[in-house]
Amino acid sequence: MNSDSDLQIAGDILEVPHLLQPPREHPATVAEFAGLARSLAADRSQWEHLVRYDAASRWYHRLRACPGYEVWLLSWVPGQGSGPHGHGRSSGVLTVLHGALTERTERGTRVWRAGAQRVFAPGYVHEVVNDALEPAVSLHIYYPGLTEMPTLPLHTAGHTPVACAAERTTTGSLTA
């Protein structure tokens, strides 16, 4: 055998169980949570029939409560918003499923359209509003599960929001 290496592997490496990691029961990384959100977004049969619109307040429904994370479905009629808030010790993935949502932070304002994702770390403060003329639907994954959502001003003295948010556009690129 002509080889530049003295290493040879005999047999099937996949037959050595101690070298393989066991499959995870639940997502554990930011990429896995973002992937879970994308797969739920793509499978409309899991959420579309549940969506309700409420003119008096934002409608929400918990899709999953799993060890270490929760998945929420929210609807937004035009003009509805969250108010500036944080997520306690939870990180999150916000995915727009339908329509468009405007996010306001200390760093500026962005409009997120269907398919866009926002990934954020604990300490991130934002406000989400439906500034469009049509209803919107979004999917939110919080890990660990959301235990608090304090109302906070975007410009809080002595508080600097974590600038560790990232967006995933419909093209799949990730930017900070």
Answer yes or no: is there a side-chain heavy-atom contact under 4.5 Å between Val93 and Tyr142?
no

Taking all non-hydrogen atoms of both residues into account, name the closest pair between Ala100 and Ala136 and its distance.
O-CB, 3.8 Å

For residues Leu146 and Leu101: do they belong to one hydrophobic cluster (side chain heavy atoms under 4.5 Å, members Ile, Leu, Val, Met, Phe, Trp, Tyr)?
yes

Any donor-acceptor pair under 3.5 Å linking the side chain of Glu48 with the backbone of Ser45?
no

Would you say the side chains of Thr95 and Gln117 form a donor-acceptor pair under 3.5 Å?
yes

So Tyr60 and Trp76, do their side chains get closer than 4.5 Å, heavy atoms only?
no

So do Leu63 and Trp47 actually touch side chain to side chain, heavy atoms under 4.5 Å?
yes

Exercise: identify the closest heavy-atom pair between Ser90 and Gly145:
OG-O, 3.3 Å

Distance in Å, Ser138 OG paired with Arg58 CZ, rounded so as to fall on 0.5 Å steps:
8.0 Å

Is a donor on one side and an acceptor on the other found under 3.5 Å between the side chain of Gln46 and the backbone of Asp43?
no

Any Lys/Arg nitrogen of Arg64 or Glu70 sitting under 4.0 Å from an Asp/Glu carboxylate oxygen of the other?
no

Quick check: do Ile141 and Leu36 have side-chain heavy atoms less than 4.5 Å from each other?
yes

Drop me the distance from Ser82's OG to Asn130's CG, to the nearest 0.5 angstrom.
11.5 Å

With rounding to the nearest 0.5 angstrom, report the CZ to CG distance, Arg44 to Leu50.
12.5 Å

Do Phe33 and Val119 make a side-chain contact, defined as non-hydrogen atoms from C-beta onward lying under 4.5 Å apart?
no

Write down the atom of Thr105, the atom of Tyr124, and the distance for their closest heavy-atom approach.
CG2-OH, 3.1 Å

Quick one: are the ring centres of His87 and His140 less than 6.0 Å apart?
no

Would you mind reporting whether Val111 and Glu103 have side-chain heavy atoms less than 4.5 Å apart?
no

Do Asp131 and Arg104 sit within salt-bridge range, that is, some charged N less than 4.0 Å from a carboxylate O?
yes

Minimum side-chain heavy-atom gap Tyr69-Pro144 below 4.5 Å
no

Output the distance between atom NE2 (His98) and atom OG (Ser75), rounded to the nearest 0.5 Å.
10.5 Å

Test item: Tyr53 and Val137 side chains (from C-beta on) under 4.5 Å apart, heavy atoms:
yes

First locate atom CG of Leu74, then atom CG of Leu139, and finally report the distance between them rounded to the nearest 0.5 Å.
9.0 Å

In the single-linkage hydrophobic clustering (I, L, V, M, F, W, Y; side-chain heavy atoms under 4.5 Å), do Val129 and Val77 co-cluster?
no

Residues His126 and Val128: closest non-hydrogen pair is CE1-CG2, 3.6 Å

Smallest separation among heavy atoms of Leu97 and Ala41, with atom names
CD2-CB, 3.3 Å

